[in-house]
Amino acid sequence: MEFNQSLSMLINSWTGLETSLGAIARVKDFLAEVKAEGSEMEDEIPTNEWPKRGYIHMTGVTAKYNIGNVHSQSAIRDVNLEVQPGQVVLITGRTGSGKSSLVLTLLRLLDLESGRITIDGMDLSRIPRPALRSRVVTIPQDPVELPGSVRYNLTQVPSSEAISGDDEEAMKRTLERVGLGETVCKRGGLDGELTDIGLSGGQKQLFSLARALLAVQSKRAEGGIVLLDEPTSSVDGGTEVDMQRIVREEFARHTIVLVSHRLDAARDADIVVLMEGGRVAEGVGNILVTLSDALISGPAVQERFGVAKYSGIVLFTGASSLPKLFSVPSISVASMAD
Ligand SMILES: Nc1ncnc2c1ncn2[C@@H]1O[C@H](COP(=O)(O)OP(=O)(O)OP(=O)(O)O)[C@@H](O)[C@H]1O
């Protein structure tokens, strides 16, 4: 071997060693600096059926990122919300108003500074987080792709574990249902590496929907809770309609918490929550109205809200900002107290 070759090998090995040492140092820092989730308080294991009813109750919920940092602002402030089993809640509001943060508190991905959240009567602060997150079906704003096959990404069952023929069929059917059957089949099938398939942003959202459908099917539960954070933000209008139909059909017995900027989504909602500055109410206080109590004026407003389709309780909050948000001429809302 020539001297130059030996020198080059030495330099390469040295560089590799330095990179590895850097990685080890970063892992050590991570372990030292990042506090593990979970506490001794989280000692109530829910039954296998939980949360079958899907009753959500939030009282005085205030939460912030970087909870140890006194300078960081609360992302959610004093939120009170009650969702009855099987209702559909639309959380809407401007960018940065706290919609996703509200959803994160339901998964305990954002810690509470104060307040309490219960689901079917169980206080979320007492439930081990992995149990909570595995029971609540979620379609996140940014779809997650894990390294591994399509099959693994759909079920999180490691490839070393056998999957029954029925389960394989269910996966194929579900991919077909969301419109990804052909794409996945042509590019490696269930065994193909998901990242190699190269799904577009919208296709990733369809894949997230397929994952949620399979999660619900595998639980064989009658009900539960589904959290959908902007699930259709990257798909075209036609695909969005298809996705909404699938959600309506497949999660009919579930309580659905849907985050969306799109007012069309209000047509299927029992409750509409408008967020602004992390609060559910803005200045005017919470106004709880039933349709019969609400004075909603103007055909434009009625058309936009699909008023005729509402049957449940509508929670209009921060009512003064509705016209700003949805560019409607004027809205008057009568509070229950009036
Ligand atoms: N990871 C984070 N770290 C610190 N602050 C955050 C983080 N994520 C969001 N925030 C802050 O929390 C507040 C609420 O953000 P959130 O993402 O809940 O808004 P959003 O209404 O869902 O917005 P969008 O419509 O853009 O998704 C904002 O002030 C935002 O800056």
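Nothing here was measured: the structure is a model prediction, and the numbers come from that model. Order of appearance sets the numbers: ligands from 1, and atoms from 1 within every ligand.
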All pairs passing salt bridge (charged side-chain N to carboxylate O under 4.0 Å, His left out) where residues 117-134 contributes a residue, at least two apart: E37-R129, E37-R133, E42-R129, D43-R126, E44-R126, D111-R129, R116-D123
Side chain proximity check, T255 to Y55, heavy atoms < 4.5 angstrom: no
Salt-bridge present (K99, E230; N to O < 4.0 Å): no
With the criterion set at N/O pairs under 3.5 Å, what does the list of contacts between the protein and ligand 1 look like, atom names and distances included?
unit_1, atom_1, unit_2, atom_2, d
ligand 1, 18 (O), S101, N, 2.9
ligand 1, 18 (O), S101, OG, 2.5
ligand 1, 19 (O), G98, N, 3.3
ligand 1, 21 (O), G96, N, 3.4
ligand 1, 21 (O), S97, N, 3.1
ligand 1, 21 (O), S97, OG, 3.4
ligand 1, 21 (O), G98, N, 3.0
ligand 1, 21 (O), K99, N, 3.1
ligand 1, 21 (O), K99, NZ, 2.7
ligand 1, 22 (O), S100, N, 2.9
ligand 1, 22 (O), S100, OG, 2.9
ligand 1, 23 (O), G96, N, 2.8
ligand 1, 25 (O), K99, NZ, 2.7
ligand 1, 25 (O), H261, NE2, 3.1
ligand 1, 27 (O), Q141, NE2, 3.1

Close side-chain approach of I119 and I225, heavy atoms under 4.5 Å: yes
Salt bridge (charged side-chain N to carboxylate O under 4.0 Å, His left out) pairs, two or more places apart, involving residues 3-31: none
Test side chain to side chain donor-acceptor pair (under 3.5 Å) applied to E182 - qualifying residues, sequence neighbours left out: K186
